[in-house]
Student: 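Before I ask anything, here is the structure I am working with.
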Amino acid sequence: MGGKRNGRAVIILTSMIFFGMSLWCMGKPREEFSASERRHLAEIPKFTADEVLSGRFMRHFEEYAADQFPMREEFRRLNSVFQFYVLGKKEVNNIYVTNGYAEKLMVKADRDAAEKWLNRILYICDTYAGDNRVFLSLIPDKNYFLSRESGYPFLDYQEFTGMFLHGTRDVAEYIPLEEVLSLENYYATDLHWKQETLEGVADTLAGGMGISLSFPYDVGEVDAPFYGVYYGQASLPLKPDKLKYLYGPLTEKLIVTCYDSGKPEIISLYDMEKAYGRDAYEMFLSGSKALLTIENPESKNDRELVMFRDSFGSSLAPLLAEGYKKITLVDIRYISMERIGEFVDFEGADVLFLYHLQVLNS
Amino acid sequence: MLFSSITFLYYFLPWALLFYFLSGRYKNLVLFLTSLVFYAWGEPIYVFLMVFLTGIGYVFGILAEKYRESVWKKYLVGISVAAALFILGYFKYADFVVENVARVTGSAWELPGIVLPIGISFYTFQMISYVIDVGRGQKAQKNFISLAAYISMFPQLVAGPIVRYSHIEGQLEQRIHSKDMIAGGIGRFIAGLSKKVVIANTLGELTQNVLDSGQPSLLLGWLYGVAGAMQIYFDFSGYSDMAIGLGEILGFHFPENFNYPFISRSVAEFWRRWHMSLGNWFRDYLYIPLGGSRVSFPKYIRNICLVWLATGIWHGAAWNFVFWGLFFVPFFILEKLWLGKKLENSRILSRCYLLFVIIVSFLIFRVEHMEEVLYWTGMMFGRGVPFSTREALFFLKDYGGILILAVFGCTPGAKHLYVKMKSTETGAKVLDVLLPVCLGVMLFIDTAYLVNSSYNPFLYFRF
């Protein structure tokens, strides 16, 4: 280890780092939430004899130490940049970036998960929607478009969707969306689609279900950058998206009721507070909700739609509201399937299952 | 506690070193106490076992010295070695033995379910070497704290190298702390940390991705073999570098444990370069006492088989480790009989031979069922699989950078470059500036990996 100056410099510099970071670790105020990863950070574990002797205290302390490390976001960024630009990694934390889009690698089909979803759909059809018109539509993710051009591995899409098509062929009519979607419909830093680009999707679904839409909207924009979920996960220097939404005389008249608290509660179609919150996409119908209704007092018919959906449905459902008197949105990830009948009236309603590929594969 | 953890780097190490350097003539006591904290962090109960084993070594060391000239010496050394091996055997091999005896006899015995204390093989071997060396004429350590500091010393406690008592006896009593040695130790520690965190863990991710892949191909087989072998090397040698570096900071000179083993040209040479402290231990305490190679051919084969059986099973109580150890025996014999001479004639052939043998050996090392070795070697020869798949090609591209870095890191290229630069005036000046900066940057990068990482395995939990 070189000359005297060299040795002294090494000792001084590294001591400063070790002691400086150590003191900072111990003195730094605790943070509760990581906005970029959208998760709660570990808290200091309980220090009891039982916890220590069982080794739990030590295990949890490791998590705590990593989660509460000073400048954690900057270190995560440094790690991603080093992997991506220095080591030439093609993905970081399972997120790859190509053509300006960040996307999560989805190499393997989770057959068990897919089968569970298929069984859920079949159970609902069998239990509640025996005489209803039932439709199924699957939303391809960005991988579907990106993998063709970039060579990133992607699960066998035809086989995966084929499993659902084949499994539901006797109970539901399939409305394909692949042809009306392209990369431009998705945010660059998030997994979701952009509401302002969904005219084709809404038309296709409406056409498939036998209704027509006139799409009478203007485009509004949230005046804050939108950092999608992949932005935080990749922790790479990506350009943020713009969060836009469609509004017009119709959207102002739609009545959105949420039933999650046990009693009906009127909420906004677009929650502008959430547009500036941790996950801005939650502005659409206030994010994850088990049961919602959108009523259209201006409707020219009495048709109703029961839509089983994930978060993609939150931005799409308002656009279908023009063709229905009432849309009921059900997210079966948050409500027991056995109890749906207690809250949802299926009488004469169209039933639409609209799910994103990633949800069905997890 | 893992060296490659935020807890060690920023909660334990700075303060352990500060107390150590401020402790004046109580350095061994502070070293012992900090080592207890270090070990208790991972093994809060078994820390007492380590102290108990140290106590056995201490008492029997003194007795062996006292009765060195009498017939009792043999028994005293024997008893202490047997006690250490019994403890090691009980904690490490009881489940394995019960399981296999039950299988052979068809009994429905319940497994004892004993949890293996981390590092038990390392500190047991250090204690055994101490008592045997005393029996052979080494001076016994009268100060319990000094002996305890030697056996429990945190830098080499959980992953080696196995430091012989004779090697650091003098340093336990008196050691020099120089600026250059401390700086050198810091450099070695950070280099080892980078080998573990940046290279080994990333290669570990690759091997895990390959294992999870459902698309076998020839390329995938080779990726698994090559990445798996290099992961073990960088992980293990990284830990050794960290241990040696920490030793230097504390004023100790630990023996080297790895010397670019992948550039070897024969299996015998590989084992002179791989986990050298273990190889030397078995050579001095098993192979040579058995007669080594200066015996009849059948006895030589017996000696080789015993040493490699012991080497294999030392790494873990499972059949794959038994096969892994014995796997090397035919190569040793063949190389001694005629292959060794042939290999000397061709650099390329000898390197290809060695790398293939080692890659296959590490497949045996990693697997849980021996059929998996056939599966992966079959894949490496393209048996019933395509040359490549989209997924395998992606893995190659994704991890190409780290694979190139790892291959380069397996050679002494960087070391040669450093020595060459240092030998010129300009180069030395550049290094004076560059080295501290590089170490600081590497430490930040390692920290970034630890903060961001979900994959940081400890491979030696079975040792």
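The figures here come from the full heavy-atom set of this structure, side chains too, leaving out hydrogens, waters and symmetry mates. Per chain, numbering begins at 1; letters A, B, ... match sequence-line order. Because the structure is a prediction, the values reported are computed rather than measured.
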Student: Evaluate the side-chain contact (heavy atoms from CB on, under 4.5 Å) criterion for residues Asn452(B) and Ser235(A): first the C-alpha distance (whole Å), next the side-chain angles of each, then the deciding distance (0.1 Å), finally the verdict.
Tutor: CA-CA 10 Å; Asn452(B) 200 24; Ser235(A) 207; 5.6 Å; no

Student: Just do the side-chain contact (heavy atoms from CB on, under 4.5 Å) check on Phe19(A) and Leu18(B) with the steps written out, would you?
Tutor: CA-CA 10 Å; Phe19(A) 283 100; Leu18(B) 185 70; 4.0 Å; yes

Student: Tell me whether the count of non-hydrogen atoms from other residues, nucleotides or ligands lying under 6.0 Å of NZ in Lys46(A) goes above 12.
Tutor: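 Counting neighbours around NZ of Lys46(A), 12 or fewer heavy atoms of other residues, nucleotides or ligands fall under 6.0 Å, so no.
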
Student: How long is the gap from CG on Leu403(B) to CG on Leu87(A), to the nearest 0.5 Å?
Tutor: 10.5 Å

Student: Do Phe444(B) and Phe75(A) make a side-chain contact, defined as non-hydrogen atoms from C-beta onward lying under 4.5 Å apart?
Tutor: yes

Student: Could you label the plane-to-plane angle of the Phe69(A) and Tyr10(B) rings as parallel, tilted or perpendicular, counting under 30° as parallel and over 60° as perpendicular?
Tutor: tilted

Student: Any heavy-atom pair between the side chains of Val451(B) and Asn79(A) that's under 4.5 Å?
Tutor: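 Not in contact.
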
Student: Under a 4.5 Å heavy-atom cut-off, does chain B meet the side chain of Ile12(A), its backbone, both or neither?
Tutor: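 It is neither, since no heavy atom gets under 4.5 Å.
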
Student: Specify which of Ala40(B), Gly400(B), Pro14(B) makes the most heavy-atom pairs with chain A at under 4.5 Å.
Tutor: Pro14(B)

Student: Given a strict heavy-atom distance threshold of 4.5 Å, which part of Ile45(B) is in contact with chain A: side chain, backbone, both, or neither?
Tutor: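 Answer is side chain: those atoms of Ile45(B) sit under 4.5 Å from chain A.
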
Student: Can you measure from CG (Asn209(B)) to CD (Glu91(A)) and round to the nearest 0.5 angstrom?
Tutor: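 Between atom CG of Asn209(B) and atom CD of Glu91(A) there are 7.0 Å.
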
Student: Could you tell me whether a side-chain N or O of Lys108(A) sits under 3.5 Å from a main-chain N or O of Asp212(B), the two making a donor and an acceptor?
Tutor: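 Checking the backbone N and O of Asp212(B) against the side chain of Lys108(A), a donor-acceptor pair under 3.5 Å is found.
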
Student: Side-chain contact, heavy-atom cut-off 4.5 Å: Asp398(B) with Tyr96(A)?
Tutor: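 The answer is no, as the side chains (C-beta and beyond) never meet within the 4.5 Å cut-off.
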
Student: Relative to chain A, which segment of Ile190(B) carries a heavy atom at a distance below 4.5 Å: side chain, backbone, both, or neither?
Tutor: side chain

Student: Is Asp67(A) close to chain B through its backbone or its side chain, or both, or neither, when contacts mean heavy atoms under 4.5 Å?
Tutor: neither

Student: If you draw a 6.0 Å radius around CD in Glu43(A), do more than 12 non-hydrogen atoms from other residues or ligands fall strictly inside?
Tutor: no

Student: Are Trp15(B) and Ser22(A) side-chain neighbours, meaning at least one heavy-atom pair lies under 4.5 Å?
Tutor: yes

Student: With heavy-atom distances below 4.5 Å as the criterion, would you say the side chains of Trp41(B) and Glu62(A) are in contact?
Tutor: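 Side-chain contact under 4.5 Å: yes.
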
Student: Counting only heavy atoms not in Arg30(A) (residues, nucleotides, ligands), do more than 12 fall under 6.0 Å from its CZ?
Tutor: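 Yes, CZ of Arg30(A) has more than 12 neighbouring heavy atoms, counting only those of other groups under 6.0 Å.
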
Student: Which value, rounded to the nearest 0.5 Å, describes the distance between Leu9(B) atom CG and Met21(A) atom CE?
Tutor: 11.0 Å

Student: Is it true that, when you exclude Leu22(B) itself, more than 12 heavy atoms of the residues, nucleotides or ligands shown sit nearer than 6.0 Å to its CG?
Tutor: yes

Student: Quick one: does Leu17(B)'s side chain get under 4.5 Å of Phe18(A)'s, heavy atoms only?
Tutor: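 Heavy-atom side-chain distance check fails, nothing below 4.5 Å.
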
Student: What distance do Ile182(B) atom CD1 and Arg8(A) atom CZ have between them, rounded to the nearest 0.5 Å?
Tutor: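 So the CD1 of Ile182(B) and the CZ of Arg8(A) are separated by 13.0 Å.
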
Student: Return the minimal non-hydrogen interatomic distance between Ile17(A) and Gly440(B), and the atom names on each side.
Tutor: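 Distance-wise, the nearest heavy atoms are CD1-CA, 3.9 Å.
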
Student: Flag yes if more than 12 heavy atoms outside Phe48(B) fall under 6.0 Å of its CZ atom; otherwise flag no.
Tutor: no

Student: Under a 4.5 Å cutoff for heavy-atom pairs, which residue among Arg72(A), Glu37(A), Arg77(A), Glu74(A) has the most contacts with chain B?
Tutor: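 Among Arg72(A), Glu37(A), Arg77(A), Glu74(A), the one with the most close pairs to chain B is Arg72(A).
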
Student: Decide if atom CE of Met16(A) counts as having more than 12 heavy atoms of other residues, nucleotides or ligands within a radius under 6.0 Å.
Tutor: no

Student: Roughly how far, to the nearest 0.5 Å, is the CD atom of Glu391(B) from the CZ atom of Phe154(A)?
Tutor: 13.0 Å

Student: Answer yes or no: are there more than 12 heavy-atom neighbours, outside Phe21(B) itself, under 6.0 Å from its atom CZ?
Tutor: yes

Student: Measuring only between side-chain heavy atoms, which start at C-beta, is Met58(A) closer than 4.5 Å to Pro44(B)?
Tutor: yes

Student: Less than 4.5 Å apart, any side-chain heavy atom of Tyr449(B) and any of Gln83(A)?
Tutor: yes

Student: Quick one: what part of Ser150(A) sits under 4.5 Å from any heavy atom of chain B, side chain, backbone, both or neither?
Tutor: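 Nothing of Ser150(A), per the 4.5 Å heavy-atom cut-off to chain B.
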
Student: Is it true that the NZ or CZ of Lys90(A) lies under 6.0 Å from the centre of Phe394(B)'s six-membered ring and within 45 degrees of the ring axis?
Tutor: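 No, Lys90(A) and Phe394(B) do not form such a contact.
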
Student: Below 4.5 Å, heavy-atom pairs only: which of Leu431(B), Ile445(B), Ile402(B), Val198(B) has the largest tally toward chain A?
Tutor: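 The option with the most such pairs is Ile445(B).
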
Student: How far does NZ of Lys89(A) sit from OG1 of Thr202(B), to the nearest 0.5 angstrom?
Tutor: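 It comes to 6.5 Å.
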
Student: If you compare all heavy atoms of Asn6(A) against all heavy atoms of Pro436(B), which two are closest, and at what distance to 0.1 Å?
Tutor: O-CG, 4.1 Å

Student: Under 4.5 Å from any heavy atom of chain A, what part of Leu405(B) do you find: side chain, backbone, both or neither?
Tutor: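 For Leu405(B), the contact with chain A is made by the side chain alone.
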
Student: Under 4.5 Å heavy-atom distance to chain A, tell me which part of Val433(B) shows up: side chain, backbone, both or neither.
Tutor: neither

